[in-house]
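These notes are about the structure you will find just below.
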Protein chains: 2
Amino acid sequence: MKQEDTETIVPEMDDDISTPDAPDRETVGRASMTSRAYARLRADIISGVLVPGQKLKIEELRQIYDAGTSPIREALSLLTSDHFVERIDQRGFRVAPVSSKEFDELLKTRCWLEERALRESIANGDSSWEEQVVLAAYRLSRVPRSQVDDHFVANAEWEVRHKHFHVTLISACDSSMLMKFCDQLYDQNIRYRQLSGIQAYPSRDVTAEHGAICDAVLARDADLAAKLLVSHYNSTGDFLKDQLEDA
Amino acid sequence: MKQEDTETIVPEMDDDISTPDAPDRETVGRASMTSRAYARLRADIISGVLVPGQKLKIEELRQIYDAGTSPIREALSLLTSDHFVERIDQRGFRVAPVSSKEFDELLKTRCWLEERALRESIANGDSSWEEQVVLAAYRLSRVPRSQVDDHFVANAEWEVRHKHFHVTLISACDSSMLMKFCDQLYDQNIRYRQLSGIQAYPSRDVTAEHGAICDAVLARDADLAAKLLVSHYNSTGDFLKDQLEDA
DNA sequence: TAATTTGAAAAAATCGATATTATTCCCGTA
DNA sequence: TACGGGAATAATATCGATTTTTTCAAATTA
């Protein structure tokens with residue numbers, strides 16, 4: 001296989017905006033206008049500031065995000081493939097709509113992919129991976145899910161650690177593609193969580209569920225771990241579904 | 001859940017360029033410059049005209065694809081999320097590199113996802129789906145893989161029908177997301193197939209393999225169908241791997 | 001009244017020019 | 001000779017203006 005190497009480019013750089021993750025890593029500083037706009041738009045769509053189905057007018061966005069036409073359009077193009085934005089030729093962009101049908105699909109697909117990824121991780125993961133799982137679980141357990149006790153106020157740090165725990169679980173699956181897909185679905189799911197306008201807590205003990213998953217993983221009990229993980233997602237999903245139907 | 005409906009947009013339009021598929025559907029005619037550039041760039045990357053790792057200079061592409069800066073950059077942005085192009089802030093775009101490691105991952109991940117999708121299809125598919133599978137298999141069997149008998153000359157029609165057969169197999173899995181992922185991986189795989197500079201035929205009878213898969217599907221034998229599908233992919237993969245190593 | 005046409009306004013798409021950043025290559029120095 | 005500084009060059013990123021297309025509503029017609 002021939003490869004053009006007259007052009008000298010640094011070969012490794014897996015942390016740019018093409019990664020569905022880490023949207024706000026270098027949002028300020030030397031990042032390009034496109035990256036900035038991408039990160040901010042993405043955050044605003046996930047958080048629900050930009051409403052599902054909403055038309056995204058270039059001129060409007062230009063003013064809000066303080067950038068020119070090109071960076072805005074490029075950012076929107078990037079978001080299109082992440083399924084956060086829809087593009088229609090000659091008719092511009094809009095925030096991807098949501099539906100309970102799509103949420104069902106999302107939940108289902110996540111379970112399929114994460115189960116496979118988890119089983120592979122359990123089969124392949126070495127002791128360093130085990131340690132990372134333990135550490136991620138511990139760190140997650142050290143912060144409260146809600147900033148206030150009697151009603152729910154999202155805790156950003158919990159969100160970060162929660163995602164990190166789930167990423168770590170499947171990080172030994174040895175397929176960056178599968179991990180990327182899981183990541184995409186995770187972020188889609190967060191969007192639904194935000195949009196549901198979650199007020200009440202889930203009554204069940206989420207921390208205990210994480211602990212149980214962690215134990216099963218360390219025991220290399222793939223069947224149990226997969227079962228726990230899937231039911232973990234499903235109960236969260238059921239809870240969200242109720243919220244979605246109320247609203 | 002609130003939804004802004006002051007803006008009137010046609011709600012359904014699932015066939016635009018955001019679909020990783022059908023890149024050249026309306027490539028001519030009223031399609032936008034961006035869509036045209038996207039389709040042509042995509043085709044040229046898959047076919048190997050644009051070499052893996054190659055720097056993609058905007059000015060150059062502008063001339064080749066006869067479009068302005070913005071459409072080219074937008075098209076490249078779309079291609080980055082498809083993993084056909086890499087983007088590095090402030091350093092432009094290049095064709096996504098290939099590696100035998102990545103090919104391994106690709107093959108593995110495809111098997112995981114397609115197996116799941118096929119099992120779901122077999123579980124959920126109705127008689128209309130069965131008929132579509134039969135039809136797709138028949139149509140595939142009616143065209144030769146190579147235009148010439150004694151050496152390999154790619155037959156575009158075979159490619160189209162082959163893809164359609166595989167898409168149809170999993171079309172009853174009831175997850176557009178999973179199908180989209182499979183589609184992405186399929187196209188990535190085609191790229192590797194093209195790049196390997198395939199000359200000789202695989203000696204095995206690919207048509208027979210398709211027939212066997214079809215039979216197992218109609219018999220609703222999920223285990224057998226999955227086994228056949230995975231080994232179908234793996235043998236193609238092994239064959240490609242040899243080609244890759246030779247080159 | 002319903003359907004169609006027309007035209008003004010709005011928005012998207014596109015372009016070419018400019019500003020910004022990276023790369024290259026030359027030259028002086030250790 | 002190897003190294004590092006610093007223009008000169010090349011390429012990217014960005015902007016605002018222009019062109020094209022769509023949208024909306026009023027006017028016309030059957």
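Atom set for the values below is all heavy atoms of this structure, side chains included, hydrogens, waters and symmetry mates excluded. Note on naming: letters A, B, ... go to the chains in the order of the sequence lines (proteins, then strands), and numbering restarts at 1 for each one.
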Report all interatomic pairs (protein N or O, nucleotide N or O of nucleotides 18-22 of chain D) with separations under 3.5 Å.
from	atom 1	to	atom 2	distance (Å)
dT22(D)	OP1	Arg30(B)	NH1	3.2

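- When distances are taken from the side chain of Thr69(A) to each of dT12(D), dT14(C), dC15(D), the shortest belongs to dT14(C).
- The side chain to side chain contact (heavy atoms under 4.5 Å, CB included) test applied to Asp44(A) returns Ser47(A), Val49(A), Leu50(A), Tyr65(A), not counting sequence neighbours.
- The side chain of Arg62(A) sits closest to dG16(D) out of dG16(D), dA13(D), dT14(C).
- You'll find the side chain of Phe103(B) stays beyond 4.5 Å of the side chain of Leu195(B), heavy atoms only.
- Going from atom CG of Leu78(A) over to atom P of dA13(D) covers 12 Å, rounded to whole Å.
- Between Phe181(A) and Phe181(B), the ring planes are parallel. Angles under 30° get that label, and only those over 60° would be called perpendicular.
- Glu59(B) places its CD atom 11 Å from the P atom of dA17(C), with the value rounded to the nearest Å.
- When the side-chain nitrogen and oxygen atoms of Ser32(B) are compared with OP1 and OP2 of dA12(C), none of them lie within a distance under 4.0 Å.
- Under 3.5 Å, the side chain of Ser70(A) and the base of dC15(D) form at least one donor-acceptor pair of N or O atoms.
- Comparing dT14(C), dA11(D), dT14(D) against the side chain of Lys55(B) picks out dA11(D) as the nearest.
- Atom pair Met33(B):CE and dG16(C):C1' shows a separation of 13 Å (rounding to whole Å applied).
- The residue Leu56(A) sits close only to the backbone: its heavy atoms come under 4.0 Å of sugar-phosphate atoms, none of a base.
- Annotation: side chain of Leu56(B) is in contact with side chain of Val95(B) (closest heavy-atom distance under 4.5 Å).
- What separates CG of Asp66(A) from C1' of dC15(D) is a distance of 12 Å, to the nearest Å.
- Atom CZ in Arg94(A) sits roughly 12 Å away from atom P in dT23(D) (whole-Å rounding).
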query = Can Thr34(B) and Arg36(B) be said to form a side chain to side chain contact (heavy atoms under 4.5 Å, CB included), step by step?
reply = CA-CA 5 Å; Thr34(B) 300; Arg36(B) 274 211 285 278; over 6 Å; no
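- As a whole-Å value, the separation of Arg36(A) CZ from dA13(D) C1' is 12 Å.
- When rounded to the nearest whole Å, the span between CD of Glu74(B) and C1' of dA13(C) equals 8 Å.
- One interatomic measurement links the two molecules: NZ of Lys57(A) to P of dA12(C), which rounds to 7 Å at whole-angstrom precision.
- The residue from Lys163(A), Lys180(A), Arg110(A), Arg193(A) that alone fulfils the salt bridge (charged side-chain N to carboxylate O under 4.0 Å, His left out) condition with Asp187(A) is Lys163(A).
- Taking the side chain of Arg73(A) as heavy atoms from C-beta on, and the options dA11(C), dT14(D), dT14(C), the nearest nucleotide is dT14(C).
- Taking the six-membered ring for Trp and thresholds of 30 and 60 degrees, Trp158(A) and His162(A) have nearly parallel ring planes, at less than 30 degrees apart.
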